[in-house]
Q: 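Just dropping this structure here.
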Amino acid sequence: MHHIQQHIVKTLILTDAARFSELRPEGVDSNLFMYHLKAVMRDKLVAKRPDGLYTLTPSGQDYAERMSLTIMKPRFQPRVVTLVCCQNEAGEYLLYRRARQPLYGMVSFPYGKVHLGEGIYAAAERELRDKSGLKATLKHRGDGYVTIFQNNEIVSQILFHFFLGTALQGSLRTDDIPGVGTVGQAFWAHLSAVPGAELIPSVPDLVAYLDREPNGRFFAELTYHL
């Protein structure tokens, strides 16, 4: 984002609304400033109110929520995801092999990001259906953070909501996710059947938390170095 556009957004982050003259940096030509003001309006970050004042749009407020005011760039924050743990009658777990970075080729529970405005139960149901083709009765069993390092650098950090899925319905999907393509494959297996180097290390630890808290809800902060 151009520094004049950053100035406009930053000014509006720190106030409810502002006049044209209050947004324009000192010494910047009016025509040049109008070009950049129209750019942030075209990007639907800023809107002009009926009273003539400028303000952040809902999209602009969401953008502002993710910005660092010191450097005016998005902050890198943990992804908010749901994880769903299911077992079949044979004692196998429903697992998911990633076909995208980070952690390409590694195995975890079916997971996915929580969308803006979406409840965590709805997100878990959607991700379980999208990743596996299955439906289940879900119970919220835990929450926490998982941070994974490779070569002492963070490659993945999530804030997770962990669900236990029972009363499974449907058939395991083998086709691509509509509109997304192949980003992984769901399958049934005992954890012992997955080579240790392929299993995301939080998987057995989360199963252990389930066993330790059979009727309650747990919170975990887990860190791994691959």
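Everything quoted here is computed from the prediction, not taken from an experiment.
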Q: Distance-only, no hydrogens or angles: does the Gln6 side chain make a donor-acceptor pair with backbone N or O of Met1 under 3.5 Å?
A: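 Checking the backbone N and O of Met1 against the side chain of Gln6, a donor-acceptor pair under 3.5 Å is found.
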Q: To the nearest 0.5 Å, what is the distance between CG (Leu53) and CZ (Arg19)?
A: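 Answer for the CG-CZ pair, Leu53 versus Arg19, is 6.0 Å.
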Q: Are Phe218 and Phe162, when compared by the centres of their aromatic rings, separated by less than 6.0 Å?
A: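 Judged by ring-centre distance (under 6.0 Å), Phe218 and Phe162 do meet the cut-off.
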Q: In the structure I gave you, are the side-chain heavy atoms of Val80 and Ile158 within less than 4.5 Å of one another anywhere?
A: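 No. Closest side-chain heavy atoms not under 4.5 Å.
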Q: Indicate, with yes or no, if the rings of Phe33 and Phe20 have centres closer together than 6.0 Å.
A: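 Centroid separation for Phe33 and Phe20: below 6.0 Å.
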Q: Is the shortest side-chain N to carboxylate O distance from Lys113 to Glu127 below 4.0 Å?
A: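 No.
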Q: Is there a donor-acceptor contact under 3.5 Å linking the side chains of Tyr63 and Asp43?
A: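 No.
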Q: Answer with yes or no after comparing the ring centroid distance for Tyr96 and Phe187 against a 6.0 Å cut-off, counting only values under it.
A: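 No.
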Q: Can you check whether Tyr111's main-chain N or O pairs, donor with acceptor, with Lys131's side chain at less than 3.5 Å?
A: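 At least one qualifying donor-acceptor pair exists.
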Q: Hydrophobic side-chain clustering at under 4.5 Å (ILVMFWY, transitive links): who's grouped with Ile154? Put none if nobody.
A: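 Besides Ile154, the cluster holds Phe149.
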Q: Quick check on the hydrophobic clustering: are Met41 and Val9 connected, directly or via other members, by side-chain heavy-atom contacts under 4.5 Å?
A: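 Linked, Met41 and Val9 end up in one cluster.
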Q: Does a donor on one side chain and an acceptor on the other come within less than 3.5 Å for His190 and Glu92?
A: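 Per modelled atom types, His190 and Glu92 side chains form no pair under 3.5 Å.
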Q: Minimum heavy-atom separation for Glu22 and Thr11, please, with both atom names.
A: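 The answer is O-CG2, 4.2 Å.
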Q: Answer whether the closest heavy-atom distance between the side chains of Leu159 and Val81 falls below 4.5 Å.
A: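 No, their side chains stay 4.5 Å or more apart.
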Q: Which side-chain N or O atoms in residues 101-109 pair as donor and acceptor under 3.5 Å with protein atoms at least two apart or in another chain?
A:
{"from": "Gln101", "atom 1": "OE1", "to": "Leu103", "atom 2": "N", "distance (Å)": "3.4"}
{"from": "Gln101", "atom 1": "OE1", "to": "Tyr104", "atom 2": "N", "distance (Å)": "3.4"}

Q: To the nearest 0.5 Å, tell me how far Arg42 CZ sits from Leu37 CG.
A: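 The distance works out to 10.5 Å.
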Q: Should the pair Asp16-Arg49 be classified as a salt bridge under the 4.0 Å nitrogen-to-oxygen rule?
A: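 So Asp16 pairs with Arg49 through a salt bridge.
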